[in-house]
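Working notes, structure below.
Just so it is clear: chains get the letters A, B, ... in the order the sequence lines come, proteins before strands, and each one is counted from 1.
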2 protein chains.
Amino acid sequence: MAGKRRYEDGCAFAQALDLVGERWALLVIRELVFGPKRFTDLKADLTGIATNVLSQRLTDLEQAGIVVKKELPPPARVQVYDLTDWGRDLAPIFRVMGRWAARSPHLKTGWPLSVNAALLSLGAMFDAARAEGFAAGIELRLDGQPFAVTVRDGRLTVDPGLHEAPDVVVTGDQNSLLPVLYAGMPLNDAMRSGLRVTGDVGVLRRFATLFPMPAPAPLPAG
Amino acid sequence: MAGKRRYEDGCAFAQALDLVGERWALLVIRELVFGPKRFTDLKADLTGIATNVLSQRLTDLEQAGIVVKKELPPPARVQVYDLTDWGRDLAPIFRVMGRWAARSPHLKTGWPLSVNAALLSLGAMFDAARAEGFAAGIELRLDGQPFAVTVRDGRLTVDPGLHEAPDVVVTGDQNSLLPVLYAGMPLNDAMRSGLRVTGDVGVLRRFATLFPMPAPAPLPAG
DNA sequence: CCGAATCCTGTCCGATACTG
DNA sequence: CAGTATCGGACAGGATTCGG
């Protein structure tokens, strides 16, 4: 435990990397931004992570003050991991860096995404200019979990839980929905392959125009 | 080379980590945001990095399209590493994440910083509200290199090179200057220990009030 | 002298098996 | 369900050496 590898750098950014720069650490945080999860669910959502690594990261993040281990009240009485307020303040990182990576010349599209990754990508790719004069309430039920997406005043918000006043409700999985938003797939195609839409489909179609893919960066010589 | 460890995740953020998530990678980029450097200077500015690791990161980042290897024109004819435009777009990450880390309950202050780290920290800690109605041109000469710092319209910019119209010129090293900006050290103390100031000292004193330290996050239990 | 390539050692990661 | 134990392999750290 004493042999922890650290940059010995006064730079606050370098000290951030000491806390969240190890492999998987930021992805663990990504999976907790919309609310607490149990160990096994975290493992399921983080494809490929080993149990010992997940365990290690959670204790490291807990010691850093980013994650807290909680026990849900009876009768549930299961223990879950949640972000502290400060830990949740990392959310903008995912949007800023995700938007940057969306311009990678090597970006692989069409790969499966976790529910949390898909929801964060909305905030990353959202184009405020295209949303001018548009307001909408959309409830997304991905993998059975409801999320309230709201567009208003050129801003997009995503919160866990049911939407108070949805114009449209979309049920299905994120990997069916995202090609509609980012790759121009016709909504009808997605509905034919499992996506269910109830309510105002026009709102959803309009919503799907708010996420333009940025042009990839040029690759210097290769 | 083929055995590169990757998250196989469609999430753009996870793919960003595939590119810049390895140890030292983001710090290498940090050291290049204000302009190209030679291998040896990079090694000197990144305290503790091993030559083979630096070499490996540079070739990885070059393949990713983030870094380019250039040869300066004769008579210099030395090779330098520079960021691509896309690579330089990572600069906001340092500010956002640095500002986040400044609230760490474990933050170590008073440690030495590189020139680039110090300059990026200005953008991270700058408080626009405190700069209302204030405009200033400040030339910082840190470790012999000049940087033009400008405050205007509630915004702060930092560019490499001499300032066109400086109100004040500060010469010295970043570790003498930063305590004045962030820790309330009296400017006179810093000047007594090596910082040299020519021009309007009042502008510098006012400038030093623009960088309030945020309150550290509470540590949940211990 | 600069920019690496090459040892070697230690630590971390990944996969699986196993336990309260 | 929620982790711990174990082990092989990949990667990082440090020193040395080599080519331009």
Between atom [atom1] in [X] and atom [atom2] in [N], what is the gap in whole Å?
{"X": "Arg57(B)", "N": "dG3(C)", "atom1": "CZ", "atom2": "C1'", "result": "17 Å"}
{"X": "Gln56(A)", "N": "dT4(D)", "atom1": "CD", "atom2": "P", "result": "9 Å"}
{"X": "Arg5(B)", "N": "dG9(D)", "atom1": "CZ", "atom2": "C1'", "result": "10 Å"}
{"X": "Tyr7(A)", "N": "dT11(C)", "atom1": "OH", "atom2": "C1'", "result": "14 Å"}
{"X": "Ile49(A)", "N": "dC13(C)", "atom1": "CD1", "atom2": "P", "result": "10 Å"}
{"X": "Glu62(B)", "N": "dG3(C)", "atom1": "CD", "atom2": "P", "result": "14 Å"}
{"X": "Asn52(A)", "N": "dC18(C)", "atom1": "CG", "atom2": "P", "result": "16 Å"}
{"X": "Asp60(A)", "N": "dT11(C)", "atom1": "CG", "atom2": "P", "result": "16 Å"}

_Can you pull out the residues from residues 15-40 of chain A that lie within a 4.0 Å heavy-atom distance of DNA chain D?_
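Those residues whose heavy atoms fall under 4.0 Å from DNA chain D, taken from residues 15-40 of chain A in numerical order, are Arg38(A), Phe39(A), Thr40(A).
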
_Within-4.5 Å side-chain heavy-atom neighbours: Trp100(A) and Leu90(B)_ =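 Yes - at least one pair of side-chain heavy atoms lies under 4.5 Å apart.
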
*Quick one: are Leu27(A) and Phe13(B) in side-chain contact, heavy atoms under 4.5 Å?*
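Side-chain contact under 4.5 Å: yes.
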
*Above 12 or not: heavy atoms from other molecules or residues under 6.0 Å from CD of Gln145(A)?*
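Result for CD/Gln145(A): enclosed.
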
*Are Asp82(B) and Arg88(B) ion-paired here, with the side-chain N under 4.0 Å from a carboxylate O?*
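Arg88(B) and Asp82(B): salt-bridged.
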
*asked:* Does this structure show an ion pair linking Glu139(B) with Arg141(B), if we count only N-O contacts that are shorter than 4.0 Å?
replied: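 A salt bridge links Glu139(B) with Arg141(B).
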
_Tyr7(A) (side chain) donor-acceptor with Thr47(B) (main chain) under 3.5 angstrom_ =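 Answer holds: no.
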
Counting just side-chain N and O atoms, does [X] come under 4.0 Å of either OP1 or OP2 of [N]?
{"X": "Ser55(A)", "N": "dT4(D)", "answer": "yes"}
{"X": "Gln79(A)", "N": "dG3(D)", "answer": "yes"}
{"X": "Tyr81(A)", "N": "dG3(D)", "answer": "yes"}
{"X": "Lys69(A)", "N": "dG3(D)", "answer": "yes"}

*Closest to side chain of Thr51(A), choosing from dC13(C), dT16(D), dA17(C)*: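 Ranking dC13(C), dT16(D), dA17(C) by closest atom to the Thr51(A) side chain puts dA17(C) first.
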
*If you look only at pairs with a residue in residues 15-24 of chain A, which of them pass as a salt bridge (Lys or Arg N to Asp or Glu O under 4.0 Å), with sequence neighbours excluded?*
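Non-adjacent pairs meeting salt bridge (Lys or Arg N to Asp or Glu O under 4.0 Å): Lys4(A)-Glu22(A).
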
